[in-house]
Amino acid sequence: MHSRILHAAAGTRTVLHSHGDGSTTIQKVDDVSDAVERAKALHNQGAHTTATGDKHAASIPIPVLTEWAAKRGKTFADCMQDEALLKQFLQDPDNQVFRIWKGAL
């Protein structure tokens, strides 16, 4: 397999993979490590509540939520419009790194 970076920008890159059988795939890679560190820092600072008293439950990168939704046949917009779907994302142990307030939703 041969790979070539087609595009690279801050935190994201697009890679073209040429396979031995003549097929190709395009892969988009997003680095969300800064978002994980930000959520961790906000949690450690105790920034669990907004100025209006709402809980600051999480800080989720759009690419993460978009990919999670796509695996379920949904879109990012679906997650923004369906509170139960977003709650499902937030309660998934794989997504705990994005939680700021760790209380029950």
Side-chain angles (χ1 to χ4, degrees):
M1 178 170 65
H2 173 73
S3 298
R4 182 174 63 147
I5 297 174
L6 298 176
H7 180 263
T12 186
R13 69 178 188 262
T14 305
V15 183
L16 173 70
H17 299 284
S18 300
H19 305 281
D21 63 0
S23 66
T24 59
T25 56
I26 296 177
Q27 175 187 29
K28 183 177 179 197
V29 179
D30 292 295
D31 180 2
V32 297
S33 58
D34 287 344
V36 170
E37 290 303 315
R38 178 179 181 273
K40 182 178 178 181
L42 288 170
H43 171 74
N44 290 340
Q45 292 170 10
H48 305 144
T49 307
T50 67
T52 58
D54 295 324
K55 292 297 182 189
H56 188 178
S59 180
I60 308 163
I62 292 172
V64 171
L65 190 55
T66 301
E67 181 180 339
W68 181 88
K71 288 178 181 176
R72 286 151 182 81
K74 302 290 184 178
T75 66
F76 176 82
D78 293 332
C79 290
M80 294 294 94
Q81 296 170 0
D82 185 344
E83 189 175 310
L85 190 59
L86 187 55
K87 186 176 179 178
Q88 184 181 357
F89 173 89
L90 292 171
Q91 291 177 330
D92 184 333
D94 291 340
N95 301 321
Q96 291 300 306
V97 296
F98 303 110
R99 292 288 302 270
I100 295 167
W101 176 63
K102 309 281 185 176
L105 299 170

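For clarity, every value in this text was computed on a predicted model and none was experimentally measured.
Side-chain N or O atoms of His48 include none that pairs as donor or acceptor with a backbone N or O of Ala57 at under 3.5 Å.
We find the CD1-CZ distance between Ile60 and Phe76 to be 8.5 Å, quoted to the nearest 0.5 Å. A distance of 9.5 Å separates CD in Gln45 from CD1 in Ile100, rounded to the nearest 0.5 Å. From Thr49, atom OG1 reaches atom CG of Asp54 across 9.0 Å, with rounding to the nearest 0.5 Å. To the nearest 0.5 Å, atom CG of residue Leu85 and atom SG of residue Cys79 are 4.0 Å apart.
Applying the ring pair (Phe, Tyr, Trp, His ring centres under 6.0 Å) criterion to Phe89, with sequence neighbours excluded, gives Trp68. Listed by chain and residue number, Thr52 satisfy the side-chain hydrogen bond (donor to acceptor under 3.5 Å, both in side chains) test with Thr50 (two or more places apart in sequence, or in another chain). With sequence neighbours excluded, the residues that form a side-chain hydrogen bond (donor to acceptor under 3.5 Å, both in side chains) with Ser59 are Arg38.
Applying the salt bridge (Lys or Arg N to Asp or Glu O under 4.0 Å) test to every pair with at least one member in residues 41-51, sequence neighbours left out, gives no pairs at all. Among residues at least two apart or in separate chains, side-chain hydrogen bond (donor to acceptor under 3.5 Å, both in side chains) pairs with a member in residues 77-101 are Thr75-Asp78. The side-chain hydrogen bond (donor to acceptor under 3.5 Å, both in side chains) contacts involving residues 22-31 comprise Thr12-Asp30, His17-Gln27, His19-Thr25, Asp21-Ser23, Asp31-Ser33, where partners must be two or more places apart or lie in separate chains.
Here the side chains of Thr14 and Val29 are not in contact, with every heavy-atom distance at 4.5 Å or above. In this structure, Val15 and Arg4 have side chains that are not in contact, with every pair of non-hydrogen atoms separated by 4.5 Å or more.
Under the 4.5 Å side-chain heavy-atom criterion for ILVMFWY residues, a single connected hydrophobic cluster contains both Val32 and Leu86. Ile62 and Val97 fall within a single hydrophobic cluster, where Ile, Leu, Val, Met, Phe, Trp and Tyr are joined by side-chain heavy atoms under 4.5 Å apart, directly or via other members.
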Given Lys40 and His43, is the side chain to side chain contact (heavy atoms under 4.5 Å, CB included) satisfied, shown in steps? CA-CA 5 Å; Lys40 182 178 178 181; His43 171 74; 5.8 Å; no

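Remark: Lys102 NZ is packed, more than 12 non-hydrogen atoms of other residues, nucleotides or ligands lying under 6.0 Å away. The number of heavy atoms from other shown groups lying within 6.0 Å of CG (Leu6) is above 12.
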